[in-house]
Amino acid sequence: MTGCGFEAIHGHRDALERLGRMLAENRLPHGLLFSGPVGVGKATTAQALVAALFCRERSAAADSGPRSCGHCPPCRKLAAGNHTDLILLEPPAEKTQIPVERVREVIAELNLTPLEAPRKVLLVDDAIQMNASSANALLKTLEEPPGAVLLILITRRPGLLLPTIRSRCQELRFRPLAPADLVAAAEPHAGGVDRDTLVQAADLAEGSVARLLELCTGPFKELRSKFRLDMDYLPRQRLGGLIDAAEFWGKKDHYPWARLFLRAWFREALRAGLLSTPPAAPGATRSLLELARHTEKTLEAAQVSNYNPQLVLEALFIRL
């Protein structure tokens, strides 16, 4: 593993600076809670923190924070996944919950003295997978932690955790990534996907790297191009053309894409109007915003009420 540190993480400057200060001043708490949407960098940050904590040759740059060396024995063991002082808590194979028996095993390990690292670290990548018994068992360790222990809990839904667990952890909130950070974080994992496709899909990915990569592995590029053409021709279409477009985008495999593309189309149209020179007339912008709100409400109502997607889109396209 080459040297890696917080400088490799995109976005989340406040959380990273806070962690960097804790590490530099040797005042990491016994419990940290990383909360935020799926695919925004919570687990990556936790791994970088553990690497920096364990590294024997850690460096720190003023502009990038802690950085592990990547070549000392602890770094090599972390890269190979066999460092004895890092414990991962996850459900057994083919299970969706972490049983209390596994938590008790982990607690026994945490009470042992670290072999190489300054602390033993327990990493729970999806803390809501603990059932009530498991969570209560872990709570005892948070209430009376052994001296050299760090618990890192990661979750997308912190509200489902026991309030007593949350109150005993310092929570760092990870927000959706801005499009530029999203593309930069996704590029190393994008395989053969070109940057232009990533940039186009970033506006639809809701700030999540996982969501962006998922979008780009499907027929995103081709369908995006067709949707743009359909919307460009929409004002000049006769009724038959609008019905044909609604029939295509109302199909089972196309309708979820149509919903995404419609939202993005409105965002782009509103952005273009506000940033144009001169700016669009206030009345035009207000009308477009009202139409966007109407479209969003219609799409949400259609999903809840299981309306016919083609008929929903016909009505929307005619109004547009």
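These figures come from a predicted structure and were not determined experimentally.
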Under a 4.5 Å cut-off applied to non-hydrogen side-chain atoms, are [X] and [Y] in contact?
X	Y	value
Arg13	Leu16	yes
Val121	Ile87	no
Lys42	Ile152	no
Leu177	His12	yes
Leu53	Pro118	yes
Leu182	Val209	yes
Lys120	Leu150	no
Lys77	Asp85	no

Please check if the distance between the ring centroids of Trp249 and Phe227 is under 6.0 Å.
yes
Looking at every non-hydrogen atom in both residues, tell me the closest pair between Pro158 and Arg166 and how far apart they are.
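Taking Pro158 first and Arg166 second, the nearest heavy atoms are O-CD, 3.2 Å.
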Compare every heavy atom of Asn111 with every heavy atom of Pro146, then report the nearest pair and how far apart it is.
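That closest heavy-atom pairing would be CG-OD1, 3.5 Å.
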Candidate pair Leu89 and Val103, rule side chain to side chain contact (heavy atoms under 4.5 Å, CB included), full reasoning
CA-CA 8 Å; Leu89 182 58; Val103 174; 4.2 Å; yes
Is [X] reaching over with its side chain to a backbone N or O of [Y], donor-acceptor style, under 3.5 angstrom?
X	Y	value
Arg168	Thr164	yes
Arg56	Cys72	no
Arg119	Ala148	no
Arg228	Phe261	no
Ser134	Val100	yes
Thr197	Val193	no

Mind telling me whether Phe54 and His83 have parallel, tilted or perpendicular rings, with 30° and 60° as the class edges?
tilted
Would you call the rings of Trp257 and Phe220 parallel, tilted or perpendicular, taking 30° and 60° as the class edges?
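Trp257 vs Phe220 ring planes: tilted.
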